[in-house]
Amino acid sequence: MNERLSLEFYLRDVLEVAPELLGKPLVRQFADGSQKQYMITEVEAYRGAEDLACHAAKGRTPRTEVMFQEGGKVYVYLIYGMYWLLNLVTGEEGYPSAVLIRGIDGFSGPGRLGRELQLDKSFYGENLQASPRLWVENAKPVTEYKTSKRIGIDYAGEWANKMWRFYL
DNA sequence: CGCAAGATTGGC
DNA sequence: CCAATCTTGCGT
């Protein structure tokens with residue numbers, strides 16, 4: 001059961017991938033050799049260039065480039081100058097979509113999560129299949145989860161009302 | 001080249 | 001309620 005999620009897992013529609021990531025172990029191998037696992041408890045889906053809440057809505061830029069690529073990669077970015085948010089890119093090449101990891105077991109909030117995992121710019125584009133320091137493993141699907149509107153994107157108009165937040 | 005604002009958090 | 005802190009995208 002301790003195998004990494006397959007590339008195929010990430011290549012599906014982000015709205016399928018996001019809820020299935022709940023309950024999966026996020027594994028972080030730190031620079032000092034120690035390793036920790038965190039169960040994913042909360043995620044949000046960001047889907048396509050039309051989704052105004054998605055950073056890729058502003059076009060293909062150096063910052064959003066990785067979201068346009070094939071799934072199975074990491075998209076990290078600095079928000080408010082202090083917090084690194086972790087996203088997992090999904091879908092086929094050319095269709096920008098990603099899952100924001102908002103919460104892991106024991107920690108609440110995407111910013112605190114990034115601090116715990118000691119994320120930084122070097123994780124941008126990290127390949128979850130090949131990375132020696134960050135990946136997600138398979139586990140039994142969760143039987144029950146909740147949905148709600150996404151957090152902190154009121155500027156996105158009607159897109160802010162999408163029930164694209166999934167949590168345990 | 002300057003500037004405003006952001007998928008947040010914690011302190012006043 | 002608001003500052004912290006810095007990258008990005010867009011306007012000048």
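Chain naming here is simple, since letters A, B, ... match the order of the sequence lines and numbering starts at 1 in each. What you see is a predicted model; the values in this text were computed from it and never measured.
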Exercise. Quick one: A:Leu78 CG to B:dA7 C1', roughly how many Å, whole number?
Worked result: 13 Å
Exercise. A:Gly81 near the nucleic acid: base, sugar-phosphate alone, or nothing, with a heavy-atom cut-off under 4.0 Å?
Worked result: base
Problem set entry | Residue mapping more 5' on DNA chain C - nearest nucleotide basis, A:Thr61 or A:Met82 | A:Met82
Seminar exercise, completed: When rounded to whole Å, the CD1 to P distance for the pair A:Ile153 and B:dT8 reads 9 Å
Seminar exercise, completed: Rounded to whole Å, the CZ-P distance (A:Phe107 to B:dT9) equals 13 Å
For this session: Have a look at A:Arg115 and say if it touches a base, only the backbone sugar-phosphate, or nothing, with a 4.0 Å heavy-atom cut-off.
Result: sugar-phosphate
For this session: In whole angstrom, give the distance that lies between atom OH of A:Tyr155 and atom C1' of B:dA4.
Result: 15 Å
Exercise. Going by atom types alone, do A:Gln129 and A:Tyr10 pair a side-chain donor with an acceptor below 3.5 Å?
Worked result: no
Exercise. Please give, in whole Å, the distance from B:dT8 P to A:Ile151 CD1?
Worked result: 8 Å
Seminar exercise, completed: Given the options A:Glu44, A:Arg47, A:Arg150, A:Lys149, A:Lys162 meets side chain to side chain contact (heavy atoms under 4.5 Å, CB included) only with A:Arg150
Seminar exercise, completed: Between CG of A:Leu52 and P of B:dG6 the distance, given in whole Å, is 13 Å
Exercise. Less than 4.0 Å between a side-chain N and a carboxylate O, is that true for A:Arg28 and A:Glu116?
Worked result: no
Exercise. Can you tell me how far C1' of B:dG6 sits from OH of A:Tyr46, to the nearest Å?
Worked result: 12 Å
Exercise. Mapping A:Gly109 and A:Ile79 to their closest nucleotides on DNA chain B, which lands nearer the 5' end?
Worked result: A:Ile79
Exercise. Distance under 6.0 Å and angle within 45° of the ring axis: does A:Arg133 meet both against A:Phe123?
Worked result: yes
For this session: Determine which bases of DNA chain C form Watson-Crick or G-U wobble pairs with both distances under 3.5 Å, and write the result as a 5' to 3' dot-bracket string with | for other-strand partners.
Result: ||||.||||||.
Exercise. So what does A:Arg102 touch, heavy atoms closer than 4.0 Å: a base, only the sugar-phosphate, or nothing?
Worked result: sugar-phosphate
For this session: Tell me, please, whether A:Tyr77 has A:Arg63 positioned over its six-membered ring: NZ or CZ under 6.0 Å from the ring centre and within 45 degrees of its axis?
Result: yes
Exercise. Using 4.0 Å as the upper bound for N to carboxylate O, is an ion pair formed by A:Lys73 and A:Glu126?
Worked result: no
Exercise. If Ile, Leu, Val, Met, Phe, Trp and Tyr residues are connected whenever their side-chain heavy atoms lie under 4.5 Å apart, and connections chain through other members, are A:Trp135 and A:Val43 in the same group?
Worked result: no
Exercise. At what distance, to the nearest 0.5 angstrom, does CG of A:Asp51 lie from OG of A:Ser97?
Worked result: 10.0 Å
Problem set entry | Start and end of chain A contact along DNA chain C [non-hydrogen atoms, under 4.0 Å] | C:dA4 to C:dG9
Exercise. Would you call A:Lys24 and A:Glu137 a salt bridge, taking side-chain N to carboxylate O under 4.0 Å as the test?
Worked result: no
For this session: Measure the distance between the ring centre of A:Tyr80 and the centre of the six-membered base ring of B:dG6, then answer whether it is under 5.5 Å with planes under 30°.
Result: no
Exercise. Over how many whole Å does the gap from A:Leu113 atom CG to B:dG10 atom P extend?
Worked result: 12 Å
